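Have a look at the structure below, then the notes.
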Amino acid sequence: QLTARISGILGSFGNKKLTESNVRDGMREVRLALLEADVAVKVVDDFIENATAKALGEEILRSVSPTQQFIKVIYDELVRVMGGAGQQFSLRKGKLNILLCGLQGSGKTTTAAKIALMHKKQYRFLLVSADTYRPAAMEQLRILAGQAGVGFFEQGMKLNNPIEIVRKARSFADENGYNGLIIDTAGRMEVDDAMMKEIQQISKLVKFDETFFVADATAGQSIVQTVSAFHAQFNLTGLVLTKFDSDTRGGAALSVKAVTGKPIAWVGTGEKLEDFEIFYPERIASRILG
Amino acid sequence: LFRSRKTEKEFYDELEEILVTSDVGVTVTRSIVDSFRELAGRQAITGGEALQSAFVAFLEQLVSRVVAPEIGGPGMSVLMLLGVNGSGKTTTAGKLARSAAESGRSVLLAAADTFRAAAADQLAEWSTRAGVPLVRQQAGADPGAVVYDALDAARARKHDLVIVDTAGRFHNRENLVRELQKIDKIVRSKLAEGDRYYRMIVLDATAGTNAFTQARSFHEAVPLDAAIVTKLDSSARGGVILPLIADLGLPVFRIGVGEGVDDLVPFEGTAWVHSLFE
Ligand SMILES: Nc1nc2c(ncn2[C@@H]2O[C@H](COP(=O)(O)OP(=O)(O)OP(=O)(O)O)[C@@H](O)[C@H]2O)c(=O)[nH]1
Ligand SMILES: Nc1nc2c(ncn2[C@@H]2O[C@H](COP(=O)(O)OP(=O)(O)OP(=O)(O)O)[C@@H](O)[C@H]2O)c(=O)[nH]1
Ligand SMILES: [Mg+2]
Ligand SMILES: [Mg+2]
């Protein structure tokens, strides 16, 4: 455990301050813990640099052990980077257009239905599948929309052009009193130029109030490169982290947050549509630190 | 990634960066590098460039330690795919069915994911692409019952390869692991003399070190014969392959390199090792 490792290193210091030398020793353990949690190397290095600056110049409090104080500096900094305690994400009122994007298998289709279920009292949702690639992707969303008790754009199932589907869905939503539009897209990699061009085109067809990158909480080091590319090519407004019911420490959450600066709105905690929660930085911070 | 003309310290620093950013994991990286340092010491290898080529050779030797099984035998072969949600099992089942059918085998697909929305429909489309029959039941059916029926059908129609697709599940979900063990038990109960049974975990190359935790955990629950690592067409390098081979002794049977029916290829250790340093 990180606390045990830190106390082994900081042990008993009688100094009034956390000195540069014992902070550096402690940070080496923190760095290891963050890498073991799958936080991206570059994000770890930046975090350690900022946390070190915060730790130095901390007066040692008489009421807590140096270890507790050091850990608190780390924990507080992690919570701050993850969005700060007490910060709550909220969707705009009135008409709402949401675009979901992300890597293959990250949980976008399931998340589309989860978002709708969570907010169906505030909006009349139409779920749209713009995934013309994955076998039975549209059928999957159709079934989930039914389970969530929200609308599904059935006409899209006969079309084979994502651009055309989104255009027709937008008109259909307007003409039929849907004030919540959620567009589910095919999984894609940032290294696939054609697919990145497609999602860029889709992002211009509708005035999207939210564009969420849906990331798997078990993602590894390359998530940084992926989400940077997505964010650079068309503005993400938020993040959703799925599969937090796994035993991953979830360092990917820190990575995607650090790289985009965008809020993590929700986390997926299971396969059922109810397994969807508001994101709390404190919980994820403790989990990442192990 | 490996620059030429470097000091030993530069070499070891770069090496740790390459391995960790490839998702080998920091703990496994340190133990691999420690073993290499010991070997380099014993063989008196010095200088950045010499260490570099020695390390590549060291990894090539490591990954060749285990050999992937050949699917086949006198009787019927059953290949069960398992793994966490979204790793690529269903797609891989389709690709495997296609390549086996192309090499002349009589293949049957079994849709043992009776839980997730449109899972059987997804596999049905793949069975069409592969040109092989599919056994499926209604949504919510018992996955064990699907497997039981599939193996009866395979026996009756003399199929020589049954590919079983299972529902995604996390290794820390006890009830789901127990369900998998139940499916496994049913398969084993239907095997006859001469039949072969292969259990393979499908791992997502874009996952972090949890991929290794998955492999280790599932291997304890249901002894695995090999892994298939998917999505290697991404920017991820699949570093999980090193601890998979070194710590679990599990070979990599195939790698997934895309979403098309032909995008599943044999794992070539040397080529993969070199890709880490590109
Ligand atoms: N355990 C768990 N499984 C999840 C979660 N979210 C999604 N899943 C599962 O992950 C798998 C993939 O989910 P999908 O919704 O199909 O993912 P996707 O991003 O739409 O996939 P593509 O369209 O192929 O890119 C499914 O088995 C889902 O049930 C979660 O929070 N926890
Ligand atoms: N680019 C790429 N995509 C892949 C690869 N293998 C699978 N996929 C995609 O990953 C997504 C998930 O694949 P599935 O086959 O549904 O995964 P699964 O393990 O069966 O998912 P669940 O049954 O929900 O647990 C789909 O969009 C696939 O097309 C691969 O090697 N490369
Ligand atoms: Mg989808
Ligand atoms: Mg599947």
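Every chain is numbered from 1 and lettered A, B, ... according to where its sequence line falls, protein lines coming before strand lines. Quantities reported herein were computed from a predicted structural model and do not represent experimental measurements.
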> Any side-chain heavy atom of A:Leu32 sitting closer than 4.5 Å to one from B:Val26?
Replying inline: yes

> When rounded to the nearest 0.5 angstrom, what distance separates CG in B:Asn85 from OG in A:Ser106?
Replying inline: 12.0 Å

>> Is B:Val20 in contact with chain A via its backbone, its side chain, both, or neither, using a 4.5 Å heavy-atom distance?
In response: both

> Checking B:Thr213 against chain A: side chain, backbone, both or neither under 4.5 Å from a heavy atom?
Replying inline: side chain

> With only heavy atoms counted, which part of A:Arg142 is less than 4.5 Å from chain B, the side chain, the backbone, both or neither?
Replying inline: neither

> By a 4.5 Å heavy-atom criterion (distance strictly below it), what part of A:Glu271 contacts chain B: side chain, backbone, both, or neither?
Replying inline: side chain

> Which bit of A:Leu141 comes within less than 4.5 Å of chain B, counting heavy atoms only: side chain, backbone, both or neither?
Replying inline: neither

> Judged by modelled atom types alone, do A:Gln104 and B:Glu259 share a side-chain donor-acceptor pair under 3.5 Å?
Replying inline: yes

> Above 12 or not: heavy atoms from other molecules or residues under 6.0 Å from CG of A:Asn160?
Replying inline: no

>> Which heavy atom of B:Ala117 sits nearest to which heavy atom of A:Gln140, and what is that distance?
In response: O-CG, 3.6 Å

> In terms of heavy-atom pairs under 4.5 Å, which option from A:Gln225, A:Arg134, A:Arg249, A:Glu190 contacts chain B the most?
Replying inline: A:Arg134

> Looking at B:Thr230, B:Thr21, B:Thr91, which makes the most heavy-atom pairs under 4.5 Å with chain A?
Replying inline: B:Thr21

>> Contact between A:Asp245 and B:Arg173 at the side-chain level, heavy atoms closer than 4.5 Å - yes or no?
In response: yes

> Does one side chain, of A:Asp247 or B:Asn210, offer a donor that lies under 3.5 Å from an acceptor on the other?
Replying inline: yes

> If you count the non-hydrogen atoms of other residues, nucleotides and ligands that lie under 6.0 Å from CD in B:Glu268, is the total more than 12?
Replying inline: no

>> Minimum heavy-atom separation for A:Ser246 and B:Asn172, please, with both atom names.
In response: C-ND2, 3.4 Å

> Does any heavy atom of chain B fall under 4.5 Å from the side chain of A:Gln147, the backbone, both, or neither of them?
Replying inline: neither

> Given that the side chain runs from C-beta out, which part of A:Glu139 has a heavy atom under 4.5 Å from chain B: side chain, backbone, both or neither?
Replying inline: both

> So which part of A:Arg188 gets closer than 4.5 Å to some heavy atom of chain B, the side chain, the backbone, both or neither?
Replying inline: neither

>> Give me the atom names and distance for the closest heavy-atom approach of A:Gly220 to B:Asp23.
In response: CA-OD1, 3.4 Å

>> If I measure from the heavy atoms of chain A, does B:Asp121 come under 4.5 Å with its side chain, its backbone, both, or neither?
In response: both

>> Quick check on the interface: out of A:Ala219, A:Ala252, A:Gly251, who has the most heavy-atom pairs with chain B under 4.5 Å?
In response: A:Ala219

> Between A:Gln221, A:Lys42, A:Lys243, which has the largest tally of heavy atom pairs under 4.5 Å with chain B?
Replying inline: A:Gln221

> Rounded to the nearest 0.5 Å, what separation is found between the CD1 atom of A:Ile143 and the CZ atom of B:Arg116?
Replying inline: 9.0 Å

> Of the listed residues (A:Leu144, A:Asp38, A:Leu35), which shares the most heavy-atom pairs with chain B below a 4.5 Å separation?
Replying inline: A:Asp38

> Of all heavy-atom pairs between B:Ser235 and A:Val191, which one has the smallest distance, and what is that distance?
Replying inline: CB-CG1, 4.3 Å

> Which residue out of B:Ala119, B:Ala118, B:Ala236 racks up the most heavy-atom pairs below 4.5 Å with chain A?
Replying inline: B:Ala118

>> Please classify the contact of A:Asp192 with chain B as side chain, backbone, both or neither, using a heavy-atom distance under 4.5 Å.
In response: neither

> Taking all atoms of both residues into account, what is the closest heavy-atom pair of B:Arg129 and A:Pro135, and its distance?
Replying inline: NH2-CG, 3.7 Å

